[in-house]
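Chain A is the first sequence line, chain B the second, and so forth, proteins listed ahead of strands; every chain is numbered from 1.
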Protein chains: 2
Amino acid sequence: MRWSEIDQQTCSVARALSEIGDRWTLLLIRDAFLRARRFDDFVERSGAARNVVANRLEKLVASGILERRAYQTRPERHEYRLTEKGRDLYPVIMTLVAWGDRWHDDGAGPPVRHQHRGCGKRMHAVVACSECREALDPRETRVTVRKER
Amino acid sequence: MRWSEIDQQTCSVARALSEIGDRWTLLLIRDAFLRARRFDDFVERSGAARNVVANRLEKLVASGILERRAYQTRPERHEYRLTEKGRDLYPVIMTLVAWGDRWHDDGAGPPVRHQHRGCGKRMHAVVACSECREALDPRETRVTVRKER
DNA sequence: AGGGTCAGTTTCATTTTGCAACTTATTAGT
DNA sequence: ACTAATAAGTTGCAAAATGAAACTGACCCT
């Protein structure tokens with residue numbers, strides 16, 4: 001199976017990864033959450049090659065994760081902003097941050113600290129059940145596969 | 001910057017992606033959560049080429065996300081199991097599932113349904129503050145970058 | 001002896017990257 | 001007018017990664 005066909009798997013992870021699962025894409029989305037807007041912002045912050053950034057931004061716009069809008073004419077210049085679909089990747093980024101903080105601590109503590117405005121405390125992201133808000137554990141989840149027609 | 005150097009960024013997302021951010025890796029981890037254990041399980045379920053699976057499993061073992069252990073001798077055969085570090089990726093997978101379910105619905109509903117044993121309801125994963133359990137929103141989070149030495 | 005299983009490895013063509021230089025449109029400075 | 005600078009890409013090309021299929025090696029079963 002080619003990578004370009006993984007969205008044909010009957011699996012939401014595969015479908016998600018078909019849009020955001022390649023080498024630089026999630027890093028660009030991270031930068032978008034950190035308020036990168038312009039092409040050169042993304043190039044500098046992500047560290048990816050210019051042609052790769054151009055290609056990925058184009059794909060992200062095509063899949064509706066970023067929006068490309070003119071911020072000036074003469075010369076025409078565009079910026080990239082997260083759409084609702086893109087902002088909805090916040091949980092993915094935050095769980096990655098939490099995992100990276102836990103397992104890639106270089107001894108100096110996490111590179112970035114997160115404070116929750118609601119309760120004022122330092123925190124990290126955990127996943128919870130949408131219904132009862134209890135922390136989610138693999139053993140506490142029952143998975144049912146939909147029948148194929 | 002080459003992909004092989006992104007773990008040098010002072011960013012937990014970058015460090016996390018240096019281990020799990022390439023084309024097939026997260027799909028293999030998904031399969032591990034779905035109880036794939038043997039080499040051919042991973043090949044069949046992921047859809048990746050055998051050499052790619054071999055290479056990725058080796059890397060996942062090297063980074064401590066999977067553990068390779070013999071399940072028989074004569075002939076020696078090994079299986080791959082998630083370590084604690086690997087199981088700790090559950091939140092990442094579940095938020096990807098939730099995003100895929102929401103944005104890649106093919107009209108027939110999500111491929112897999114998740115029921116929380118605790119409360120008995122159908123649910124999806126949300127991210128919450130580790131301290132107060134309130135749902136997390138980008139606007140409700142304050143980010144402080146650690147000073148570089 | 002012949003066939004099957006499992007866990008890879010090898011080979012080779014095709015794709016994808018990474019880097020640097022180049023382009024285009026326009027403004028700012030001298 | 002000439003020169004530089006800025007922003008947002010594009011182009012060319014070498015190096016690396018992927019993908020498909022065939023092959024290997026150790027063993028078991030009949």
Side-chain angles (χ1 to χ4, degrees), chain A residues 1-9 14 17-29 31-32 35-63 66-81, chain B residues 1-9 14 17-29 31-32 35-63 66-81:
Chain A
M1 179 178 276
R2 278 178 286 286
W3 177 257
S4 56
E5 293 162 8
I6 58 159
D7 59 334
Q8 291 163 22
Q9 293 185 18
L17 292 177
S18 73
E19 284 189 336
I20 58 169
D22 79 22
R23 270 219 193 1
W24 297 100
T25 302
L26 269 168
L27 236 37
L28 294 174
I29 291 169
D31 294 330
R35 315 212 191 300
R37 303 243 180 284
R38 299 187 315 198
F39 186 83
D40 282 1
D41 290 343
F42 286 102
V43 170
E44 277 153 42
R45 298 210 208 172
S46 70
R50 304 181 74 77
N51 52 348
V52 173
V53 173
N55 173 271
R56 294 302 188 279
L57 289 178
E58 197 181 353
K59 283 182 179 168
L60 285 169
V61 169
S63 52
L66 295 178
E67 186 189 2
R68 182 171 181 268
R69 58 159 75 150
Y71 67 89
Q72 67 170 45
T73 37
R74 323 181 38 85
E76 247 192 74
R77 297 262 188 265
H78 299 87
E79 60 176 12
Y80 298 87
R81 286 168 165 276
Chain B
M1 180 178 277
R2 279 177 287 284
W3 176 257
S4 56
E5 292 163 8
I6 57 159
D7 60 333
Q8 291 164 21
Q9 293 185 19
L17 292 177
S18 73
E19 285 189 335
I20 60 170
D22 79 24
R23 264 198 177 35
W24 298 100
T25 302
L26 269 168
L27 236 38
L28 294 173
I29 291 169
D31 295 330
R35 315 211 190 300
R37 303 241 179 286
R38 299 186 319 201
F39 185 83
D40 281 2
D41 291 342
F42 286 103
V43 170
E44 278 153 42
R45 299 210 209 171
S46 71
R50 302 180 76 75
N51 52 349
V52 173
V53 172
N55 172 270
R56 294 301 189 278
L57 289 177
E58 196 181 352
K59 283 184 180 169
L60 285 168
V61 169
S63 53
L66 295 177
E67 184 188 3
R68 183 171 180 268
R69 57 159 76 149
Y71 67 90
Q72 67 171 43
T73 38
R74 321 181 40 83
E76 248 193 72
R77 297 254 190 271
H78 299 88
E79 61 177 10
Y80 297 87
R81 287 170 164 275

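One can place CZ of A:Arg37 at 13 Å from P of D:dA8, the figure rounded to the nearest angstrom. Summarising the geometry, the separation between CG on A:Asp22 and C1' on D:dT18 is reported as 13 Å, rounded to the nearest angstrom. Between B:Leu27 atom CG and D:dG19 atom C1' there is a gap of 15 Å when expressed in whole angstrom units. Atom CD of A:Glu58 and atom C1' of D:dG9 are 11 Å apart (whole Å). Rounded to an integer number of Å, the gap from B:Leu66 CG to C:dA7 P is 14 Å. As a whole-Å value, the separation of B:Phe39 CZ from C:dC6 P is 13 Å. The distance between atom CZ of A:Arg68 and atom C1' of D:dA7, rounded to the nearest whole Å, is 12 Å. At whole-Å resolution of the value, CH2 in B:Trp3 and P in D:dT18 are 11 Å apart.
Ion pairing between a basic and an acidic side chain is recognised when a charged N comes within 4.0 Å of a carboxylate O; B:Arg35 and B:Asp41 show no such pairing.
For the pair A:Arg56 and C:dT17, the criterion of a side-chain N or O lying under 4.0 Å from OP1 or OP2 is met. When the side-chain nitrogen and oxygen atoms of B:Trp24 are compared with OP1 and OP2 of D:dG19, one or more of them lie within a distance under 4.0 Å.
Under the 4.5 Å side-chain criterion, counting only non-hydrogen atoms from C-beta, B:Arg50 is in contact with B:Asp40. Inter-residue side-chain proximity for B:Glu79 and B:Arg69 is flagged as met; some heavy-atom pair is nearer than 4.5 Å. With contacts defined as side-chain heavy-atom distances shorter than 4.5 Å, the pair A:Arg38/A:Tyr71 qualifies. You'll find the side chain of A:Leu66 stays beyond 4.5 Å of the side chain of A:Leu28, heavy atoms only. With a 4.5 Å cut-off on side-chain heavy atoms, B:Val61 and B:Glu67 do not count as touching. At a threshold of 4.5 Å between non-hydrogen side-chain atoms, the residues A:Asp22 and A:Arg56 count as touching.
Residue B:Ala54 is the one, among B:Ala54 and A:Asn55, whose nearest nucleotide of DNA chain C lies closer to the 5' end (criterion: closest heavy atom). Residues A:Ser4 and A:Leu57 each lie close to DNA chain D; by heavy-atom proximity, the contact nearer the 5' end of the strand is made by A:Leu57.
Which of C:dA7, C:dT17, D:dG9 sits closest to the side chain of B:Arg23 comes down to C:dT17.
Residue B:Tyr80 is in sugar-phosphate contact alone, with no base atom involved, counting any heavy-atom pair closer than 4.0 Å across all strands shown. Using a 4.0 Å heavy-atom cutoff across all strands shown, A:Tyr71 reaches sugar-phosphate atoms only and no base atom.
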* To do: Using a 4.0 Å cut-off on protein heavy atoms (strictly under), produce a 5'-to-3' string for nucleotides 19-25 of chain C with B for base contact, S for backbone-only sugar-phosphate contact, and - for none.
  => B-B---B
